Amino acid sequence: MPADPLDAHVELVEHLVQSTPLSAGEAQRVVAEVLGYFAESTERYVRRRHGELQRRGMTNDRIFERVGAELAARRVAPPALSARQLRRIVYG
């Protein structure tokens, strides 16, 4: 495995440079951001999304339903989590 995760995605960066108006540096930043997004642990994702949705005024019942659906749609979906499991991630 390369020391720099972007080294494994040179072809993707090159593809973005050729197929979009992005410069090589911009394409590298986009790829790094996407890799970071998908590297986020399930627990961190649940806590982050709970906070974001709570700030929008959503209730926990709606939040946990929505976050559960979002987790199922992620590129590498974790196992299905119940509302109780989601609550335990957020509140311990």
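As the structure is a prediction and not an experimental result, all values here were calculated from the model.
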Do the side chains of Glu70 and Arg66 get close enough for a salt bridge, i.e. N-O under 4.0 angstrom? yes

Is Val67 close to Leu81 at the side-chain level, that is, under 4.5 Å between some pair of heavy atoms? no

Any side-chain heavy atom of Ile63 within less than 4.5 Å of one from Leu86? no

Could you check, using the six-membered ring where one of them is a Trp, whether His50 and Tyr45 have ring centers closer than 6.0 angstrom? no

Contacts of type side chain to side chain donor-acceptor pair (under 3.5 Å), residue Gln54, not counting sequence neighbours: none

Could you check whether any side-chain heavy atom of Gln28 comes within less than 4.5 Å of a side-chain heavy atom of His9, counting everything from C-beta outward? no

Counting neighbours of CD on Glu65 that are heavy atoms of other residues, nucleotides or ligands and sit closer than 6.0 Å, is the number greater than 12? no

Given the rule in the salt bridge (Lys or Arg N to Asp or Glu O under 4.0 Å) test, do Arg48 and Glu52 qualify, once you have shown the distances and angles that lead to the verdict? CA-CA 6 Å; Arg48 178 178 59 80; Glu52 291 169 358; 3.0 Å; yes

Closest non-hydrogen contact found for Arg87 with Phe64 is CG-CE1, 3.1 Å

Around Arg88, counting heavy atoms of other residues, nucleotides and ligands shown, do more than 12 lie under 6.0 Å from its CZ? no

Give me the atom names and distance for the closest heavy-atom approach of Arg74 to Glu40. NH2-O, 4.2 Å

Show me the donor-acceptor pairs within less than 3.5 Å that the side chains of residues 10-20 make with the rest of the protein, sequence neighbours left out.
residue	atom	partner	partner atom	Å
Ser19	OG	His15	O	2.7
Thr20	OG1	Leu16	O	2.4
Thr20	OG1	Leu22	N	3.2

Would you mind reporting whether Arg47 and Tyr91 have side-chain heavy atoms less than 4.5 Å apart? no

